[in-house]
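All remarks here apply to the structure that follows.
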Amino acid sequence: MTDDRPNAPVPSLAKPLDESTIHALSSRVRGHLLRPEDDGYDEARTLFYGGFDRRPALIVRVKDPTEISHVIALARERGLELAVRSGGHSVAGHSSTDGGIVLDLSEMKDLELDVEGRTAWAQTGLTAGEYTTAAAAHGLATGFGDTGSVGIGGITLGGGVGYLVRKHGLTVDDLISAEIVTADGELLRVDAETHPDLFWAIRGGGGNFGVATRFQFRLHEVDEIVGGMLVLPATPEVLASFVAEAEAAPEELSAIANVMVAPPMPFVPTEVHGQLIVMAMLVYAGGDVETGERTIAPFRALAEPIVDMIKPMPYPEIYPPDEVDFHPTAVSRTMFIDTIDRDVSRSILEHLRASDAPMRVAQIRVLGGAMARVSAGATALAHRSSRLMVNLAAFYEGEEERAARETWVGNFAAALRQGDGGAYVGFLGEEGEERVREAYPQPTWDRLAEIKGRYDPTNLLRLNQNIPPVVEQ
Ligand SMILES: Cc1cc2nc3c(=O)[nH]c(=O)nc-3n(C[C@H](O)[C@H](O)[C@H](O)COP(=O)(O)OP(=O)(O)OC[C@H]3O[C@@H](n4cnc5c(N)ncnc54)[C@H](O)[C@@H]3O)c2cc1C
């Protein structure tokens, strides 16, 4: 028998899943149940990032909120770790578990577009690319990130920083309401009026507060964009000027600069392979091609472009095609900073030169605009006034390389740190509670912990960037 009482305690000792329990669950869910001996199990437990060889006792591909409640109840009753998976791109590997249950939302992909009303209800098994392609058929978009295969579940709950961030804000700034199955198995509709505290918490607080089944988003008119890749030589002058131009540009333009070693890709001239480059992705989403070209001209003028693939295109084309078998192993650090002048640029290039990782990158996202106009307390993602988000990453090929890459990325992050540093929860790896705390200023953390205490007092949903519940006695 399952214990569906609200807030029933999580037993301290996990009880394994026996045949009759699995049988009982399979009669209550229409979706697939996968166990270690089943065909497709290995594929189903694979995450985007390599290096996470976790073997769940059970993977359940749920179809609706009731099925989610059954899985939650089972995990609670058995004291099993519960992993929630939408698109499987967790940097920390949180969407799989060793010996626990994976609640896999990937078959929940309904999308209802209200083209007239400019809103959409989207189930959380959709990827950013699937949603974006469907909305683009009507000349509409909601901003997600820079990669189509990322799940809308994880990116939205983390905040969502992408190619429309300066024009339309974070993904959560377009979230109108959501449906959440809480840790006690109840389905709640949350918005600014109904459970406003929970609605606040899920806009940046990650997967701590329940399993999101559907999101209602605002849609914007985003038809043809001017955008794509621009590769420039990496010098301190070019990098500092690139950031300055991107900050001064109209909000219709959002920019991501990847400072990295030129990969041996066919579109990169051979003589540049192995050299440091600024591989920038630009999106002008203002509607008018001529203004877009004019807005991008100053970037092209920073230096003779090595590659210039910027052109008018439908918005979804900005997402490169998914590489299904690409599972990189990497260490990374996320932070917010305010300035990249020539000195900081020089330091970035020196650190990149000092590593021999085959792939190493300092990714710089220029913020501001609509994101910064929302007050810091309005959502759980509070780093609203930070001007730049930086992610440092080094790929490694064998476990023996990992320690050296960790040291490099740690030293690099320490050198770049400005002010309180901060962290974007969506890019945090498994870095410990102190780093999770850095994602949230103290008042935000305190409020999140109190809300967690009300909606998940036993911390059933703990396989995430965890905010331990504070429970009133
Ligand atoms: C290649 C790559 C590119 C990225 N680019 C961007 C970017 O441009 N902008 C940006 O903001 N972020 C970006 N990210 C970070 C990304 O937003 C987070 O990793 C996000 O958590 C991934 O979501 P997912 O659903 O794919 O992941 P999953 O691994 O499925 O989920 C990650 C975690 O989110 C929680 N979660 C997911 N879905 C739900 C749900 N429905 N209900 C409750 N909890 C849930 C769970 O705690 C889960 O462990 C990128 C990540 C990668 C790997």
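Numbers here are sequence positions counted from 1. Order of appearance sets the numbers: ligands from 1, and atoms from 1 within every ligand.
Within the structure, the closest approach of Gly206 to ligand 1 does not fall below 4.0 Å when heavy atoms are considered. Residue contacts with ligand 1 leave out Phe209, since none of its heavy atoms falls under 4.0 Å from the ligand.
Proximity to Phe48 (heavy-atom distance under 4.0 Å) selects the following atoms of ligand 1: 1 (C), 53 (C).
At a 3.5 angstrom cut-off on N or O pairs, His89 counts as close to ligand 1. Remark: ligand 1 and Tyr49 share no N or O pair separated by less than 3.5 Å (distance only, no angle test). By the 3.5 Å distance cut-off applied to N or O atoms, Val161 is counted among the residues near ligand 1. Any N or O atom pair closer than 3.5 Å counts here, and Phe427 shares no such pair with ligand 1.
A parallel orientation is assigned to the rings of His168 and His220, their planes being inclined by less than 30° (bins at 30° and 60°). Relative orientation of the Tyr424 and Phe427 rings is perpendicular, given thresholds of 30° and 60° on the angle between their planes. The aromatic rings of His89 and Phe48 lie parallel to each other, their planes meeting at an angle below 30°, with 60° marking the opposite boundary.
The nearest protein atom to atom 49 (O) of ligand 1, hydrogens excluded, is given as His94 CB, 3.2 Å; this is a heavy-atom distance. Closest protein heavy atom to atom 18 (C) of ligand 1: Gly426 O, 3.4 Å. In this structure, the protein non-hydrogen atom closest to atom 36 (N) of ligand 1 is Leu157 CD1, 4.0 Å.
Proximity annotation for atom 33 (C) of ligand 1: of Asn464, Leu47, Val84, Val84 comes nearest, heavy atoms only.
If you look at Tyr49 and Phe326, their ring centroids are not closer than 6.0 Å.
Residue Phe144 does not touch ligand 1, judged by heavy-atom distances below 4.0 Å.
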